[in-house]
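To keep things clear, I will list the structure first and then write my remarks on it.
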Amino acid sequence: MKFVNPRNAPPSEERIPYWNENRPAGLTGAIPPADVFNDPQDEILKVIVEAGLTPDAADKTQLWQALQALIADIVAGSTPSIEVPPGSVSMFAAATAPTGWLKCNGQAVSRTTYADLYAAIGTSWGAGDAVTTFNVPDFRGEFLRGFDDGRGIDTGRVFGSLQDYATARPQNDTVQRVDPLTGDPVTLKQAGNPSPATNPSEVGFVRASKLGERIVTGDFDPGGGGNPYVDIVNVVTGDAETRPRNRAVLYIIKT
């Protein structure tokens, strides 16, 4: 529920307080729209129904009764169920999906048996046999990213599309190497002009190494002096992808 601004207030996403009429000043009072009355009634009726009561216009204590019942349930250790809409995706800390959920493993399932889920996601993740089945998302081994939806951060994406891994360019182009005589970083001249370097295979960035990387030495000196330097580079070994530290969990979808 959100604050409903006066009908005769200028359009705004911010909260605009109601004001009183001031006839001497020629100020018309704030005019409340219908939502001011409808929304609170809907909210109150929701609480009454969730508490197991049948709305009764003649009973003016039902909201109080509902609150007492809900508080009693919480004290007793039971809480009212929370409705989860079909198509909701969640992480689960077990290897099998609970009742009412399916694994997000790309499987084709019945459009009839899972009619609510089909109504929610359709064939966004696969049409199945195009007649009686449809596919759930396949999120095995994947990181999920919020759909750009016109924001302009991750442009050119279609909802549900797969994006391959990538490694971002360094945030600076000041390339350095380690002087083996002093151990100090030495700025490496750009292998190409203009910068950044046009020959990345000849340059390295000073950074902490990880298991599987090694240090190589060589006579390469873009200044032409033939001075040996140590380049910290990932020469031969390395992982097949760029990823953060992570844990494997099960993605599930509500049916």
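Only heavy atoms go into these numbers, but all of them, side chains included; no hydrogens, no water, no symmetry mates.
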Which heavy-atom pair separates Pro85 from Glu83 by the least distance, and what is that distance?
CD-O, 3.8 Å
Using the rule given for side-chain contact (heavy atoms from CB on, under 4.5 Å), can you reason through Gln68 versus Thr61, listing the C-alpha separation, both sets of side-chain angles and the distance that settles it, and then say yes or no?
CA-CA 11 Å; Gln68 284 184 311; Thr61 67; over 6 Å; no
Give a yes or no answer on whether the side chain of Asn5 reaches the backbone of Ile16 with a donor-acceptor pair at less than 3.5 Å.
yes
Donor-acceptor pair, side chain of Arg7 and main chain of Pro33, under 3.5 angstrom:
no
Parallel, tilted or perpendicular: which describes the rings of Phe159 and Trp125, with under 30° parallel and over 60° perpendicular?
perpendicular
Nearest atoms (heavy-atom pairs only) where Gly128 meets Ala108:
CA-CB, 4.4 Å
Would Val36 and Phe3 show up in the same hydrophobic cluster when neighbours are defined by side-chain heavy atoms closer than 4.5 Å?
yes
Given 3.5 Å as the limit, does a donor-acceptor pair link the side chain of Asn8 with the main chain of Ile31, or not?
yes
side-chain contact (heavy atoms from CB on, under 4.5 Å) assessment of Leu117 paired with Phe134:
CA-CA 10 Å; Leu117 177 58; Phe134 69 104; 3.9 Å; yes
Heavy atoms of Ile121 and Asn135 approach each other most closely as CD1-O, 4.1 Å
Taking Val109 as the starting point, is it possible to reach Ile252 by hopping between hydrophobic residues whose side chains are less than 4.5 Å apart?
no
With a 4.5 Å heavy-atom cut-off, do Val49 and Pro55 have their side chains touching?
yes
For Ala66 and Leu53, work out which heavy atoms get closest and say how close.
N-CD1, 3.9 Å
Between the OG atom in Ser161 and the CG atom in Asp148, the distance rounded to the nearest 0.5 Å is 10.5 Å
When rounded to the nearest 0.5 angstrom, what is the spacing between OG1 in Thr96 and CG in Leu250?
7.5 Å
Heavy-atom pair with the smallest gap, counting every atom of Val47 and Leu63
CG1-CD1, 4.1 Å
Expected output: side-chain Arg111 to main-chain Thr133 donor-acceptor under 3.5 Å:
yes
If two hydrophobic side chains count as joined below 4.5 Å and joins carry through other members, does Tyr118 share a cluster with Trp101?
no
Count I, L, V, M, F, W, Y as connected when their side-chain heavy atoms are under 4.5 Å apart, and connections chain through other members. Are Leu144 and Met91 then in the same cluster?
yes
Evaluate side-chain contact (heavy atoms from CB on, under 4.5 Å) for Tyr251 paired with Lys103, printing each intermediate quantity in order.
CA-CA 6 Å; Tyr251 277 110; Lys103 288 184 178 182; over 6 Å; no
Is a side-chain donor or acceptor of Trp19 paired with a backbone partner of Thr28 at a separation under 3.5 angstrom?
yes
Under 3.5 Å, side chain of Glu142 to main-chain N/O of Asp138, donor-acceptor pair present?
no
Walk me through whether Cys104 and Val136 qualify under side-chain contact (heavy atoms from CB on, under 4.5 Å).
CA-CA 6 Å; Cys104 290; Val136 298; 5.5 Å; no
Could you tell me the separation between the CD1 atom of Ile253 and the OG atom of Ser90, rounded to the nearest 0.5 Å?
11.0 Å
Taking atom CG of Asn20 as the centre, does the number of heavy atoms from other residues, nucleotides or ligands within less than 6.0 Å exceed 12?
no
Nearest heavy-atom contact between Gln107 and Leu102 is NE2-CB, 4.1 Å
Drop me the distance from Gln163's CD to Arg145's CZ, to the nearest 0.5 angstrom.
5.5 Å
Atom CZ of Phe139 with >12 non-hydrogen neighbours under 6.0 angstrom:
yes
